[in-house]
Amino acid sequence: MAETRRRLRSSTVVLGGMGVLAAALSACGSDPDRRCVDRDSYDYLNGYKVVADKNCKSGSSGSSSGGAYGRGGRKSSVGDADWYYDSDVSNGRADYGTFSRSEAVDRGGFGCSGSGSGGG
């Protein structure tokens, strides 16, 4: 009976450890966390205002689609939207990130080397 319990605990630890390892390795190849922000809304204390993703290009970087007029030629309330990577987000504001996707990927994370390219 004790042998069965010991074996069960051992296999649980191994499976749990493999799950953590798999999550860490898969995080290396994934895209960095990003938010669409209005570059014109920067506030020294709070950072950039987070806006709807539709205001940013679907690609990895760039300014808003269609400039201030957005899609369809209608005036958008967001003047200069862009993707902001690996930022701290609080109360609809993003700060301490980067607009450079490659820089965000190079920062790496748990289990990642700092020299990888994110496949983009």
Side-chain angles (χ1 to χ4, degrees):
M1 186 67 126
E3 178 72 23
T4 305
R5 283 187 191 157
R6 195 174 313 131
R7 188 176 301 143
L8 177 63
R9 275 190 229 133
S10 177
S11 63
T12 303
V13 169
V14 169
L15 289 175
M18 290 181 77
V20 169
L21 180 61
L25 291 175
S26 66
C28 286
S30 64
D31 285 333
D33 181 43
R34 68 182 185 180
R35 301 279 190 259
C36 185
V37 299
D38 182 1
R39 281 182 173 252
D40 295 335
S41 69
Y42 185 76
D43 176 81
Y44 180 75
L45 296 175
N46 301 311
Y48 296 96
K49 180 180 178 186
V50 176
V51 297
D53 287 355
K54 68 181 180 180
N55 293 301
C56 289
K57 284 185 177 179
S58 60
S60 63
S61 177
S63 56
S64 64
S65 311
Y69 288 92
R71 294 186 182 103
R74 284 179 278 145
K75 182 75 172 167
S76 171
S77 61
V78 179
D80 188 17
D82 202 355
W83 292 114
Y84 194 53
Y85 298 94
D86 287 344
S87 60
D88 294 338
V89 179
S90 176
N91 297 323
R93 307 291 287 199
D95 208 1
Y96 307 109
T98 178
F99 285 105
S100 168
R101 182 185 181 278
S102 61
E103 185 179 317
V105 170
D106 285 344
R107 288 180 185 181
F110 179 75
C112 300
S113 67
S115 60
S117 70

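Reckoned from all heavy atoms, side chains included, excluding hydrogens, waters and symmetry mates. It should be emphasised that the depicted structure is a prediction, and the values quoted were computed from it without experimental measurement.
Rounding to the nearest 0.5 Å places CG of Asp40 at 11.5 Å from NZ of Lys49. Of the inter-residue distances, the one linking Tyr42 atom OH with Asp80 atom CG reads 15.5 Å to the nearest 0.5 angstrom. Taken to the nearest 0.5 Å, the OG atom of Ser87 stands 8.0 Å off from the CG atom of Asp95. Tyr48 OH to Cys36 SG: the interatomic distance, rounded to the nearest 0.5 Å, is 13.0 Å.
Although no hydrogens or angles enter the test, the distance criterion places a donor-acceptor pair under 3.5 Å between the side chain of Trp83 and the main chain of Lys57. With hydrogens and angles disregarded, no donor-acceptor distance shorter than 3.5 Å links the side chain of Asn46 to the backbone of Asp43. Side-chain N or O atoms of Tyr84 include none that pairs as donor or acceptor with a backbone N or O of Ala94 at under 3.5 Å.
In this view, Asp88 satisfies the side chain to side chain donor-acceptor pair (under 3.5 Å) rule with no residue, not counting sequence neighbours. For Asn91, there are no side-chain contact (heavy atoms from CB on, under 4.5 Å) partners two or more places apart in sequence or in a different chain. For Asp33, the salt bridge (charged side-chain N to carboxylate O under 4.0 Å, His left out) partners two or more places apart in sequence, or in a different chain, are Arg35.
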Discussion item. Would Thr98 and Ser100 count as a side chain to side chain donor-acceptor pair (under 3.5 Å) here? Give the steps.
Written reply: CA-CA 5 Å; Thr98 178; Ser100 168; 4.7 Å; no
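Contact detail for Pro32 and Val105: the closest heavy-atom pair is CD-CG2, 3.7 Å.
Cation-pi geometry between Arg39 and Phe99 is met: the NZ or CZ atom falls under 6.0 Å from the ring centre, inside 45° of the normal.
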